[in-house]
2 protein chains.
Amino acid sequence: MLTEIGLSQVKLKDSFWNYYVKNIKEKTLPYQYKVMDNNMDISIEREREDENLPAEKSNALENFRIAAGIHEGEHYGWFFQDSDVYKWLEAVAYSLEISPDKELEELADSVIDLIGLAQEEDGYLDTYFQLKFPKLKYRELHYSHELYCAGHLIEAAIGYTKATGKQKILDITLKFVNHIEAHFGYEEGKIQGADGHQEIELALVKLYEYTGEKKYLDLANFFIDVRGKDPKFYEKQVAQNNREGLSDSHPKINETYLQANEQPVNQTTAEGHAVRMLYMATGMAKVANHTKDEDLLSACKEIWNNVTRKKMYITAGVGSTVHGEAFTGDYDLPNDTMYCETCASIALIYFAYELFKNEPKAEYVSVIERALYNGALSGAAIDGEHFFYVNPLEVYPSISKQNPGQGHVKTQRPEWLGCACCPPNFARTIGSIQRYLYTWEKEKQVVYSNLFVSSEVQIDDIKISQNTDFPKSNTVSYQLFSNDKQVTFKIRIPEWTKEPVLFIEGKKQVLKMVDGYVEVSRVWDNEVIELSFETPILAITAHPNVVADINRLAVQRGPFVYCAESHDNAEPLQTYHVDAKKISMANASFREDLLNGIIQITVEATQQKKDPSWDNTLYQFNFQGNLEEKTLTLIPYYAWGNRGEGEMVVWLYK
Amino acid sequence: MLTEIGLSQVKLKDSFWNYYVKNIKEKTLPYQYKVMDNNMDISIEREREDENLPAEKSNALENFRIAAGIHEGEHYGWFFQDSDVYKWLEAVAYSLEISPDKELEELADSVIDLIGLAQEEDGYLDTYFQLKFPKLKYRELHYSHELYCAGHLIEAAIGYTKATGKQKILDITLKFVNHIEAHFGYEEGKIQGADGHQEIELALVKLYEYTGEKKYLDLANFFIDVRGKDPKFYEKQVAQNNREGLSDSHPKINETYLQANEQPVNQTTAEGHAVRMLYMATGMAKVANHTKDEDLLSACKEIWNNVTRKKMYITAGVGSTVHGEAFTGDYDLPNDTMYCETCASIALIYFAYELFKNEPKAEYVSVIERALYNGALSGAAIDGEHFFYVNPLEVYPSISKQNPGQGHVKTQRPEWLGCACCPPNFARTIGSIQRYLYTWEKEKQVVYSNLFVSSEVQIDDIKISQNTDFPKSNTVSYQLFSNDKQVTFKIRIPEWTKEPVLFIEGKKQVLKMVDGYVEVSRVWDNEVIELSFETPILAITAHPNVVADINRLAVQRGPFVYCAESHDNAEPLQTYHVDAKKISMANASFREDLLNGIIQITVEATQQKKDPSWDNTLYQFNFQGNLEEKTLTLIPYYAWGNRGEGEMVVWLYK
């Protein structure tokens with residue numbers, strides 16, 4: 001099994017990613033703290049059109065203060081509001097591991113103190129249930145998110161303890177995990193069910209990996225195994241509460257939405273809520289990587305194939321509908337009503353990485369890369385203080401703002417969201433991009449270089465320096481030192497490159513590609529590897545079953561999917577037409593001044609001429625339009641929506 | 001002002017329409033009665049995905065029996081369930097006027113007796129409020145539909161009294177209208193508001209036209225004038241009820257949905273619920289036609305232009321979203337998530353007819369025709385016993401059945417719907433198609449022939465016989481007799497004809513077209529007019545602002561919009577490509593055996609060849625597909641969904 005490289009072992013030197021990592025540390029994390037502290041004068045938007053959704057304030061930290069008895073008041077926000085704090089803390093931990101910062105650490109310590117004060121004597125910790133429904137702890141699992149929040153706490157605790165050496169948050173966490181362990185399991189008297197929102201499964205495996213305590217792996221395995229074993233589990237919990245007079249609710253529970261209609265090991269397609277599905281799949285893969293459960297792994301691969309071959313947008317966005325933030329049928333990929341939650345692309349990264357660790361094929365890293373450079377990175381504005389929940393593939397404000405079926409599609413990134421799962425998820429994931437650069441297999445002494453990102457890494461005795469100006473340049477050079485050991489160095493040659501050429505110490509190599517990686521095995525004594533390749537501008541066609549993309553082409557260069565915005569082009573954007581040949585002949589140029597520095601693409605296109613015959617009619621018989629030659633300017637998808645409201649489209653018309 | 005011709009004056013001899021009129025009488029009306037009587041073993045479907053919608057049974061007649069004290073029980077169904085009965089009765093009335101039928105009349109008389117028994121002493125009549133909320137009569141107008149139901153009762157009463165000469169239902173109705181008049185108006189102490197769902201406005205004008213009593217016109221005018229005068233009227237009603245302890249509801253009232261955000265005279269675009277909007281616009285036009293209120297008429301025309309030039313599907317469907325069954329923004333015409341309620345196309349017919357009466361331009365009749373032959377006719381199956389609420393322009397069952405955003409789109413017509421507004425609306429409208437064939441202007445002795453439908457009509461002394469095998473043939477002959485009077489005969493030359501040629505007594509005429517009509521003025525003594533024209537197969541292009549129709553063409557021949565179904569073509573339908581030239585060269589042939597006799601079109605098209613390179617991938621770079629020549633078979637849109645589930649598409653891909 002491959003393992004990740006510790007964040008502190010990787011030194012990022014890359015101009016593209018360093019901006020984001022630094023910006024997350026310097027702007028996003030302080031900003032998010034203030035928002036959670038109700039200390040920012042911002043406009044919080046609902047994530048979709050529903051008046052009942054909480055959006056007055058975050059209150060996430062205040063909920064802890066109230067639970068701790070420091071302040072008086074009522075819980076406000078989603079029942080999973082605690083997880084915002086935990087994900088923020090996890091993001092802080094990664095930032096501190098990458099570059100220590102006293103002030104940020106003190107802020108985090110104060111939050112940890114607060115979490116500790118809010119925790120109950122017996123270890124239970126969930127401000128929503130503590131403050132609002134103490135009698136319903138663990139009894140409304142279909143929606144409660146208690147274990148989901150616990151999962152995020154576990155991830156934060158591991159990260160923070162690793163980064164700072166401080167145990168306090170880990171102690172708090174283990175106390176809560178013990179409480180969970182005492183209440184859940186197949187033993188008589190314990191709850192034989194799992195949280196409606198998966199997350200704790202993958203977190204518990206991380207806890208096992210960190211502590212070496214097998215009981216955490218067992219508990220993770222239990223939560224996966226018990227799910228869907230009794231599809232009526234959640235209904236029975238509700239009925240029991242009603243019988244005991246603890247509640248009087250009659251929710252309609254959709255087991256498929258919760259992936260609880262059958263056991264995960266028997267699930268072969270991605271159904272229901274996209275983030276839940278992919279957190280679950282990540283947990284399944286993590287468990288299987290340790291238990292070597294072939295059935296579970298096989299289910300993971302079927303789910304993977306279903307997602308990536310039938311349900312994934314070109315941006316690595318997933319979730320085709322706002323209804324349940326969910327997957328829909330195969331090949332149903334509408335560009336305007338989709339969901340493509342930032343968290344879902346992030347979850348897809350996690351899932352892909354676990355599968356890659358089991359089976360080091362470039363296929364998995366390709367999806368990680370696609371998500372990192374597109375559907376996940378688009379989740380925040382370049383300023384690091386505005387966030388998308390939903391990442392559309394096309395937006396026509398004149399339509400989307402008046403069609404309630406697109407009510408969830410924002411034309412610009414809000415300052416915060418009532419359901420703020422995505423902003424801290426962005427911070428913790430993009431803020432620790434380092435973890436995806438290299439992966440290694442200690443037993444075989446194999447190092448995988450996954451992404452072209454300038455960096456230095458130390459793995460045991462091995463030192464690797466990667467230098468590149470990618471994506472501005474098409475050459476990457478590595479220098480390796482392995483301290484007299486035989487080490488296999490594998491470099492991923494992305495599917496979007498052309499004519500890759502590899503030199504070692506100036507000598508051209510015959511490329512030996514295995515599963516998308518070129519490999520060179522030797523004792524390394526600071527030899528220089530130079531890789532050069534072309535990054536053609538690619539015209540992408542979608543599977544013919546994708547109705548939404550018929551007669552349309554997307555543009556990709558390197559890992560970046562491109563889009564047209566009306567800031568660079570004359571509205572309406574749907575009147576432009578391109579062809580594959582012109583796309584392949586398009587021009588790419590670095591624009592330092594634009595959007596924090598992007599490679600802009602200009603394509604020779606045609607645009608339908610404005611025709612007065614349309615002034616008073618909606619339809620014409622045998623209309624002969626006139627096209628005029630126009631240049632269509634494209635920018636990387638992740639950078640859209642940073643220049644004020646306008647039209648945006650990824651899939652261009654032929 | 002033009003006036004309609006009485007149904008009994010028009011004798012339908014047309015093979016196309018006679019089938020529907022006869023089928024409605026012989027099958028649909030008896031079927032609907034049994035359904036309303038809970039006497040059919042059928043599956044009733046919800047009109048959209050919402051578990052709370054009533055769909056167990058119709059109960060419409062039972063509600064009257066309970067209100068009458070004949071049976072015991074509780075009201076079931078929508079608060080406007082009474083209107084199903086009234087619309088059925090109106091459809092029966094038209095059928096009886098066209099061709100008397102003792103059995104059907106007796107059935108209707110029994111229903112009228114029942115309605116009379118249910119009516120309260122003081123004239124009030126609404127089984128929902130009588131049985132469930134007697135204290136809230138006229139007090140929850142934002143949703144109550146009491147006056148909406150009253151409007152349908154008025155229309156039924158006029159129709160039935162005209163058809164049979166029997167006064168009973170009119171007496172019941174006038175008693176109710178008096179009750180309404182006593183409670184609504186600008187006078188002190190009266191309610192100064194209108195029903196949330198417009199309908200009574202147009203009905204009261206019909207009552208004025210039938211009785212000559214101006215007070216009904218005034219009341220109609222009041223309801224239009226008072227609407228939106230105080231946009232908070234509905235909220236205030238609710239608050240008042242709460243204050244008086246009559247209810248404890250806090251509904252979110254959307255004034256735009258109700259077209260109550262401002263006075264109708266100031267409304268210039270079509271917003272909110274589509275049927276409400278168009279019933280209101282019909283009422284406005286009807287009032288204005290009598291009062292000569294230029295401001296009101298001008299508002300009607302602005303609304304008309306907005307609908308027909310920016311918000312109408314090629315099928316004359318309207319309402320682009322299920323959310324509020326409503327209009328959205330200009331040019332927002334998605335083909336898969338739209339609503340296009342059968343009732344909305346019918347309402348558009350009514351609105352168009354009123355504008356035509358004021359201003360006899362073919363533009364209005366073109367829309368009537370487009371709706372009659374397409375978006376309204378598609379509302380029922382050829383068997384007359386299955387009904388669409390929503391009329392999509394494309395359906396891919398593999399997508400629509402798994403995407404909740406298309407949960408309202410049925411792939412086949414249900415046997416009945418929980419909200420059954422459309423089936424009887426279809427019956428009353430299509431069952432009285434006669435009213436649209438001719439219109440006349442008595443003062444000027446001008447007769448308008450609007451549609452090519454074999455028929456005989458008598459208007460005062462004037463007799464017209466129209467003979468045609470249209471749409472099978474392209475010739476129409478008229479014979480006119482005007483009893484020594486000078487009569488101007490105007491024939492509409494539809495926009496979809498080519499090279500129309502007119503002969504009178506064998507002599508070719510120079511066509512004198514005014515506003516889409518050719519006119520001949522003379523004393524008629526059984527002269528024969530012969531009109532011949534071509535019906536080219538037309539490739540339709542949508543306005544370039546319609547994003548959903550970019551790179552797509554629709555096909556029309558005569559008044560029929562065409563569609564492809566997978567019953568005639570190899571799935572998936574989106575892999576077919578057509579071009580305008582091939583469409584113009586397509587073949588049309590009458591298929592007597594198919595779908596009750598249709599003109600089928602076959603177009604030389606191309607289809608993307610199945611390519612194994614797609615087996616395991618969702619996207620390809622620089623993909624070169626292979627097209628193979630294929631014949632694409634098209635059928636008239638109205639006839640789709642009559643052969644079992646499959647794909648259907650109106651807008652073909654270029």
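Letters A, B, ... are given to chains in the order of the sequence lines, protein chains preceding strands, and every chain is numbered from 1.
For A:E51, the part sitting under 4.5 Å from any heavy atom of chain B is the side chain, from C-beta outward, and nothing else. If you measure heavy-atom distances from A:T541 to chain B, the contacts under 4.5 Å come from both the backbone and the side chain. If you measure heavy-atom distances from B:L573 to chain A, you find no contacts under 4.5 Å at all. For A:F621, the parts lying under 4.5 angstrom from a heavy atom of chain B are both the backbone and the side chain. Both the backbone and the side chain of B:Y653 come within contact range of chain A, judged by heavy atoms closer than 4.5 Å. With a threshold of 4.5 angstrom between heavy atoms, A:N545 approaches chain B through its backbone and through its side chain. Only the side chain of A:E394 comes within contact range of chain B, with at least one heavy atom under 4.5 Å from a heavy atom of that chain. Residue B:S584 does not touch chain A at all, counting heavy-atom pairs closer than 4.5 Å. Proximity to chain A is limited to the side chain of B:P572, based on heavy atoms less than 4.5 angstrom apart. Contact annotation for A:P404: both backbone and side-chain heavy atoms come within less than 4.5 Å of a heavy atom of chain B. Of the two parts of A:K401, neither the backbone nor the side chain holds a non-hydrogen atom closer than 4.5 Å to a non-hydrogen atom of chain B. Within the 4.5 angstrom heavy-atom criterion, no atom of A:L553 approaches chain B. For A:T308, the part lying near chain B is the backbone, with the side chain staying farther off; criterion is any non-hydrogen pair under 4.5 Å. With a 4.5 angstrom heavy-atom cutoff, B:K252 touches chain A only via side-chain atoms.
The minimum heavy-atom distance between A:S320 and B:N403, with the atom names listed, is O-ND2, 4.4 Å. Considering every non-hydrogen atom in both A:T575 and B:P544, the closest pair reads CG2-CB, 4.0 Å.
Between chain A and the options B:R309, B:E271, B:E49, the largest number of non-hydrogen pairs under 4.5 Å is found for B:R309. With respect to chain A, the highest number of heavy-atom pairs below 4.5 Å among B:N305, B:I314, B:L333 belongs to B:I314. Of the listed residues (B:Q624, B:Q574, B:K654, B:K581), the one with the most heavy-atom contacts under 4.5 Å to chain A is B:Q574. Of all the listed residues (B:R552, B:E571, B:M312, B:Q608), the one sharing the greatest number of non-hydrogen pairs under 4.5 Å with chain A is B:M312.
A donor-acceptor pair under 3.5 Å is absent between the side-chain atoms of B:Y619 and the main chain of A:A542, judged by distance alone. Here the side chain of B:N622 pairs a donor or acceptor atom with the backbone of A:A539 at under 3.5 angstrom.
In this structure A:S366 satisfies the side-chain contact (heavy atoms from CB on, under 4.5 Å) test together with A:R492, A:E495, sequence neighbours excluded.
From A:H543, atom NE2 reaches atom CG of B:N616 across 9.0 Å, with rounding to the nearest 0.5 Å. Rounded to the nearest 0.5 Å, atoms CD (B:Q620) and CG (A:L538) are 12.0 Å apart. Of the inter-residue distances, the one linking A:D549 atom CG with B:L618 atom CG reads 8.5 Å to the nearest 0.5 angstrom.
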Does A:H577 form a side-chain contact (heavy atoms from CB on, under 4.5 Å) with B:N551? I'd like the steps, not just the answer. CA-CA 9 Å; A:H577 296 273; B:N551 274 355; 3.2 Å; yes
Check the pair B:I399, A:Y331 against side-chain contact (heavy atoms from CB on, under 4.5 Å), reporting the backbone distance first and the verdict last. CA-CA 8 Å; B:I399 290 177; A:Y331 304 111; over 6 Å; no
